[in-house]
Amino acid sequence: MQHQIRITVNGEEHRLTVPSHRTLLEFLREDLGLTGVKEGCGNGECGACTVLLDGVPVRSCLILALEAGNCKVETIEGLARGGLLHPLQEAFIEAGAVQCGFCTPGFIMAGKALLDRSPRPTPAQVYQAFGGHLCRCTGYETILRAMELAADKGA
Amino acid sequence: MRGTTVPPPCVLEAIPQSTPGPTGLVAVGQNVRRKDAVDKVTGQGQFVADLGFPGALHARIVRSPHPSARIVRIDTAAALRVEGVRSVVTGRQCQDLRIGICIVDQPPLAVDRVRFVGEPVAGVIAATPEAALGGAEALVVEYEPLPAVLDVEEAWKEGAALVHPDLGSYACLPSFCPQPGTNRFHHYKLRKGNPQVGFEASSLVVEHHYEVPHISHAQLEPHGAVARWGHDGTLTVWCSAQSPFLVRSMLAGVFCVPHGKVRVVVPYVGGGFGGKSDVTIEPLVAVLARAVVGRPVRLILTREEMFYGSVLGRGMKGWMKTGVDAQGYLQAVQARLLFNCGAYGEYAINIVVGGGHNCTGPYQIPHIETDSYAVYTNLPFVGAFRGYGHPEGHWMTERQLDLIARRLELDPVELRRRNLLGPGKENALGQIMAAHNGRPDACLDRVVQLLDWKGSDARGGKPPAALAQPASSPAPRRARGKGVAAFMKSPVMSTNAASSAYLRFNDDGTVTLTVGGVDIGQGSLTVLAQIAAEALKLPPEAVLVSSATDTQYGPHDWQTVASRTTWAGGNAVLIAARNAIGQLEAIAAEAWGVPADQVEYVAGGVRRTGQPQDFIPLVKLVLGYTHPDGHTVGSPVMAYGSFVPRGLTYPDRETGRGNCAAEWTFGCQGAEVEVDLETGEIRVLSMVTAIDAGTIINPQLARGQIVGAMAQGLGAVLSEQIVYDTQGRIRNPNLTDYKLPTPEDFQDTRFEASFVETPQPDGPYGARPLAEHAIVCVAPAVANALYNAVGVDAFSLPLTHDRVLAALKGGGEIA
Amino acid sequence: MLRPFAYLKPASLKEALGVLSSHPGAVPLAGGTDLLVDIRSGKARPSLVVDLKGIPALAGIQVEDQLVSMGALVTVTDVLDSPVLDQRFAALQDAARVFGCQEICHRATLGGNLAHASPGSEYGTALAVFDARVELAGPDGVRILPLAEFLVEAGKNALQAGEILTRILIPQPPQGSRSAYRRGSRVRGMDLASFCCAVLVENPREVDRRRVRVAVGAMNPVPTRLAAVEGLLSGQPWNDELMARMQAEISRGLNPRAGSLRATPAYKRDCIGVLCRRALEDLCASGES
C-alpha cells in the first residue's frame with residue numbers, strides 16, 4: 001500500500017510516495033540517498049540510525065516513514081553547510097572520537113540535540129543522551145571528551 | 001553557529017614547514033588529524049551498504065535450523081513462484097566449490113549435509129528485499145537430523161560424533177596436521193626442554209582448568225558484500241573486508257578465474273577486530289551472483305546474521321600446570337588448549353597455532369610442553385578476534401601466576417619481575433630476546449605506578465565468607481582490589497605476508513598515497529601518511545590518501561590483521577618514499593647535468609650539494625623538469641614500495657619451534673575494581689596499559705587503539721558471551737541480550753595508556769605493532785583484582801553479576 | 001526491512017475502533033518500539049497497522065481531584081518531563097530514567113509498555129504500587145480493569161479483539177507519600193530490567209502511620225504486589241534487623257522463570273530484597289535532606 005507524504009529533511013521539503021512498511025531509516029537512505037544514516041541493528045539497540053524528528057532524537061529504524069509525515073527531520077548530512085563543520089563535528093575530530101566511524105553519525109545527532117537544548121550539559125545529561133548508543137572502537141572516552149570540547153566551543 | 005572551514009586541499013608552497021620535535025622528526029609523533037575524519041563526521045564517507053548499484057538484486061540466505069543434519073530434499077518451486085524472485089541457488093549448483101587455503105573444508109552453500117545452525121543452505125535472489133525474504137520463507141528444505149557435538153571437550157575425544165567424516169580427504173597446507181577420524185583438524189605442539197625435569201625442580205606446582213566462551217566482534221557495521229559477474233568472465237566484489245587481496249585470491253581459486261579478472265573493492269569498513277579478515281561471505285555472494293550474470297547481487301547481513309553468518313570469536317577450554325622453584329622462578333609449564341572452532345576450520349586454524357606458541361606469556365621458562373588443538377564442533381565457526389589466541393593463553397598463564405604468588409606469599413608484581421623475558425633470555429620458541437625487542441620490565445614498572453600498587457596490594461584476597469554477610473550495616477557493601485597481568489604478542493601471519501604502497505606526486509607537489517591495507521577504523525591511512533610525510537619532508541597535510549582499497553588499482557597487501565599495517569605497510573611506504581626521492585634527485589641531476597650524487601633531496605625540493613642557491617622546488621620536478629627553452633628531462637614521479645618480512649619459517653611439526661614471529665610487543669596491564677558484595681557487580685575503577693610499542697607515530701590514534709582494546713576486553717570480561725541452547729542455537733543473536741558495554745559502564749573507569757618506546761630496528765621510524773595488544777590481559781588483570789578484592793577465584797568468563805555473587809555466597813570460585 | 005502491511009491513521013477513537021474490529025489482522029500502533037521489532041522478526045505479522053497517534057483523546061496527562069489520568073499515548077519522556085507529576089510519582093520518573101534510551105523514551109508509550117505485558121515491564125511494575133487501573137475501549141463500550149487483571153501472563157494482556165487501551169488511571173497517592181523504582185540489569189546503560197521493584201511509602205515520616213507498597217517485576221510471569229512484605233514493612237521502624245528480615249522473606253512465593261538470559265532465578269531471589277532495601281534507603285535519605 002502506497003501513501004503520499006510530505007516531509008522536510010535538512011530544510012528541504014519532499015513530497016513522495018512510500019509504501020506503508022517503509023521505515024524512516026529506509027526512506028532516508030534509499031529514497032533520499034542520505035546514507036549517513038546508518039543501520040547497525042535494525043532493532044533500536046545500537047543508535048547508529050539516530051536522526052532528529054522535530055528536534056528530538058529518535059531511532060529511525062523504529063519509525064515508519066509515514067509516521068514522520070509533516071515533520072521536520074535532521075540527519076547528519078544537514079549539519080555541515082557549505083564546507084563549514086558544526087562545532088560538534090569539529091570536536092569529534094579534535095578529540096579523536098572517530099575510529100571506524102559507523103556509530104559516529106548517531107552519536108553526533110544525539111549530542112547535537114542535547115547541545116541545542118542544554119549548551120553546557122551535565123555529565124548525567126550526556127550519559128542520558130548517549131545511554132543507548134554503542135561504539136565498539138573507542139571505549140567512549142573520546143566521544144565524551146568531544147561533547148566537553150563542543151560545549152566549550154559553544155556549539 | 002558554525003565552526004571553521006574544512007581545510008582546502010593544500011598547495012605545497014603555501015604550507016609552512018613544521019618544526020622538528022626533540023626526536024628530530026616532524027610528522028612522526030604528532031597528533032595528525034585523521035585523514036578520514038571529515039568523511040566520517042559528515043556522513044559522506046561510504047560503507048558497503050551505502051554504495052549505489054543501479055539494477056542491483058537482493059539476496060536472502062536460507063539457513064539451517066539444525067546443528068547437524070542430512071539435507072534430504074530442497075524444493076525451490078514455491079520460492080521461485082514468489083513475485084520478484086529471480087533465482088534460487090542451492091549447494092547442488094556449486095557442489096564442487098570449496099573455500100579454504102590452510103584447510104579446504106567449506107562449501108559456500110551446504111551440500112547434502114549441514115554442520116551448524118545458521119549454515120547457508122540456499123540463497124534467494126530477488127528484485128526487492130521483501131521478495132527475497134518472501135522467497136526464502138517459501139523455500140522448502142527437508143532435513144534428517146544427525147548426531148551433533150557442541151562441547152569442545154566432547155568433540156575432542158576419540159569416538160565423538162564427527163563433524164567432518166571426510167577430514168582425511170581435505171586439502172591442507174603442509175604445516176597443518178589434521179587427524180582423520182576425529183574432530184581435531186590441527187594439533188600444534190610446542191616442545192622445549194623436558195617438563196618432567198622442570199616439575200622435579202619445582203617446589204610448587206599449580207594446575208587448573210580454564211574456559212573462555214564464544215564472543216561476538218559486534219562491529220557496528222554489519223558485514224556486507226555486493227558481487228557482479230561480467231559477461232566477459234570478470235567478477236567484481238564490493239565488500240566490508242579486512243583482506244581484499246586475500247578475498248581476491250580466494251575467489252579466483254574457488255571459481256578458477258584468473259586473478260586479474262577478479263576485482264575486490266573495499267570502501268570504509270565499520271569495524272573489523274578480526275571478524276572481517278580472511279574470507280567470509282564473499283564466496284557465498286559470488287556464487288549467488290553467478291546465477292544472474294551481469295546483475296549486481298547485494299547481501300547485507302542482518303544483525304542476527306552477524307552472529308550466525310559471519311564468524312564468532314574465541315571459545316576455548318584449557319588446562320595448565322605450572323611449576324616454580326622456591327625462589328619464584330618458573331621451571332616448567334604444561335598446557336592443553338582445546339579451541340572450539342565451530343563447524344569449519346579455515347579461519348581458526350592459525351589462532352590455534354598462535355595461541356599455542358604464545359600461551360606461556362612473556363616469561364622465560366626452561367621446560368614447556370603445549371598441545372593446542374583445533375577442534376570442530378557443530379557450532380557457528382570461529383575466526384580471528386583481536387588478540388588472536390593470545391587472550392586465551394594469557395587468561396591461563398596470568399591467573400596461574402597470581403595463584404603461585406599467593407602460595408609463595410610473594411608480591412604478584414615481584415613474581416612477574418623475576419620471570420619476565422628481556423635481553424638475552426630465551427622465549428618459548430627458543431628465540432633469544434634482544435634489547436630492541438622491548439622492555440617488559442619497564443612496562444611492569446609503569447603499571448605499578450599507574451595503579452599506585454603497593455606491597456600491601458600483594459596480599460588481599462579476603463575470604464568471601466567474611467565479606468558476604470547479610471547486609472546488616474556496618475558490614476561493608478563494597479570491596480576494592482587491584483590486579484596486574486603481563487603480556488607479549490607476536491603477529492601470527494603468513495611467512496610471506498607482504499605490504500606495498502604507491503606514491504604518486506601530484507602537479508602541485510603534493511602526494512597521493514595508495515596502499516593495499518585497509519583502514520578499518522584503526523587510523524592506518526593517517527599513520528601511513530605521516531610516515532610518507534616524514535620520509536618526504538612534507539607536511540602531513542600534503543600527503544593525500546586513497547580511502548578505498550581496490551585490487552584493480554591498489555598495490556598488494558596480504559591482510560589487515562595481526563596489528564601489522566603500521567609496521568609492514570609503513571615499511572612499504574618508506575621504501576616507496578625513498579624510491580620517489582631517488583626519482584626526484586635523478587631528474588634534478590639531469591636538469592643540472594651533474595651526477596646524481598651531487599644533488600640532495602631537501603624539504604620542498606632538490607638542491608645541489610654544496611651550492612645552496614641551486615634549488616629546484618618540487619612543483620618543477622614532479623612531472624619532469626622543463627628547461628627555459630621548453631625541453632624536458634625526466635617524467636612524472638610515481639614510486640612503488642613493497643615489503644616482506646625476511647627469515648620467517650613455519651613452525652617445526654614436532655617441536656612447534658621456529659622463527660615464527662617477525663617481532664614481539666611486550667606490555668603490562670592493571671585493573672582496580674570495586675565489587676558490590678550484595679549484587680556481585682564489578683565496577684572497574686582503573687584499567688591501565690603500559691606497552692612497549694616502539695616509536696609512537698600518532699599518540700592520539702595509538703591511545704585510541706589501547707583504550708578501545710581495553711574497553712572491548714572489559715566487555716568480554718564483564719558481560720559478553722554467546723549463549724547456546726542444547727540444540728546449538730544461539731539464544732542471544734542480537735544486541736538486546738548480547739550485552740556490549742555502554743557509555744555508563746565506563747562512567748567510573750579511568751583508562752590509562754602509557755608508552756615505552758624502545759625503537760624497533762626494522763620498523764618504520766622504530767614503530768612496532770600495538771592495535772590488538774591491550775585486549776590480551778584485560779581478563780586476567782580484572783580477575784586478579786577480583787580475587788584481591790573479595791577472594792573469589794575466576795577460571796572462566798564472563799564475570800557477570802550472578803556468577804560473582806554465587807561465588808561470593810558459595811565456594812569462592814567461578815569455575 | 002519490515003514485512004509489508006497496510007497502514008491507517010484514524011483521527012478519532014470511534015474510527016479506530018471501527019477499523020480494528022472490522023479487520024482481523026489489524027494491530028494498533030502507538031510508539032512502535034516493540035511492534036516494529038516484532039514485525040521485523042516475524043513475531044507479529046499484521047495485515048493492517050492502525051496508527052493511534054492521530055487520536056487526541058489518547059494523549060496527555062490530566063490531574064483531577066482523585067485521579068491522575070494518563071493517555072495511553074503518553075510517552076516515557078512525557079512522564080519524565082511532566083510538571084504535574086510531583087515527588088509522590090518519583091517511581092514513574094525513576095523508571096523513565098532507565099527505560100531503554102532517550103530515543104526510545106521519546107517514542108515508547110505507557111500504553112504500549114503495559115500492553116506488551118513483559119514480565120519485567122517497567123511501568124507494569126511501577127504503576128502497580130499506585131493501584132493503577134486501565135481504561136479499555138471496545139466496540140461494546142468502555143471497561144476499567146485493575147492493572148493486575150489487565151496483565152494476564154507473560155506477553156498476554158486482557159485486551160479483547162477490537163479493544164484499545166485508552167487511559168491509565170492512577171488514584172492520587174496520599175499527600176507526602178514518596179515512591180521509587182529500581183532495577184537490576186546486566187549493563188548500566190541501555191538494558192532490559194533483569195528484575196525490578198517499585199516501592200511507595202505513605203506517611204514516610206510517621207512510623208505508626210507509615211504504609212508501604214511494594215511491587216516486583218520479572219520475578220513472576222507478571223509484575224506482582226507483595227502483600228506480606230508490605231505488611232512487614234508498614235508501621236514498623238526501619239532498622240537493619242527489619243531489612244534483613246524483609247530480604248530474607250521477600251522472595252517467598254516468587255517464582256522467577258529458569259533459563260532467563262538476564263539473570264538466574266537464584267540471583268534474582270538473592271538480589272530483589274537488596275534492590276528493595278536500597279530503594280527504601282534512598283527514599284529515607286532523600287526524605288531527610
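Because the structure is predicted, anything quoted here is derived from the model rather than measured. Within every chain, numbering begins at 1; the chains are lettered A, B, ... in the order of the sequence lines, protein sequences first and strands thereafter.
- With a 4.5 angstrom heavy-atom cutoff, A:Leu25 does not touch chain C via any of its atoms.
- Both the backbone and the side chain of A:Pro57 come within contact range of chain C, with heavy atoms under 4.5 Å apart.
- Between A:His21 and C:Leu2 the shortest heavy-atom distance is CD2-O, 3.0 Å.
- Separating the CD atom in C:Glu103 from the CZ atom in A:Phe130 is a distance of 9.5 Å, to the nearest 0.5 Å.
- Contact annotation for A:Gln2: neither backbone nor side-chain heavy atoms come within less than 4.5 Å of a heavy atom of chain C.
- Ranked by heavy-atom pairs shorter than 4.5 Å toward chain C, the options A:Leu53, A:Thr50, A:Leu66, A:Thr23 are led by A:Leu66.
- With rounding to the nearest 0.5 Å, the separation of OG in A:Ser20 from CG in C:Asp51 is 11.5 Å.
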Subject >> Test side-chain contact (heavy atoms from CB on, under 4.5 Å) applied to C:Tyr7 and A:Val18, step by step >> reply: CA-CA 11 Å; C:Tyr7 171 92; A:Val18 296; over 6 Å; no
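- When all heavy atoms of C:Met190 and A:Gly44 are compared, the pair lying nearest together is CE-O, 3.2 Å.
- For A:Ala110, the parts sitting under 4.5 Å from any heavy atom of chain C are the backbone and the side chain alike.
- Under a 4.0 Å N-O distance rule, the pair C:Lys9/A:Glu67 does not qualify as a salt bridge.
- Under the 4.5 Å side-chain criterion, counting only non-hydrogen atoms from C-beta, C:Leu36 is not in contact with A:Ile63.
- Neither the backbone nor the side chain of A:Leu134 comes within less than 4.5 Å of any heavy atom in chain C.
- A distance of 3.5 Å separates SG in C:Cys101 from CZ in A:Arg59, rounded to the nearest 0.5 Å.
- For C:Leu29, the part lying near chain A is the side chain, with the backbone staying farther off; criterion is any non-hydrogen pair under 4.5 Å.
- Only the backbone of C:Arg3 comes within less than 4.5 Å of a heavy atom of chain A; no side-chain atom from C-beta onward does.
- Panel note: side chain C:Arg40, backbone A:Gly42; a donor-acceptor pair is recorded below 3.5 Å.
- Using a 4.5 Å cut-off between heavy atoms, A:Glu26 contacts chain C through its side chain alone, with no backbone atom that close.
- For the atom pair CG of A:Leu114 and CD of C:Gln102, the computed distance is 7.5 Å after rounding to the nearest 0.5 Å.
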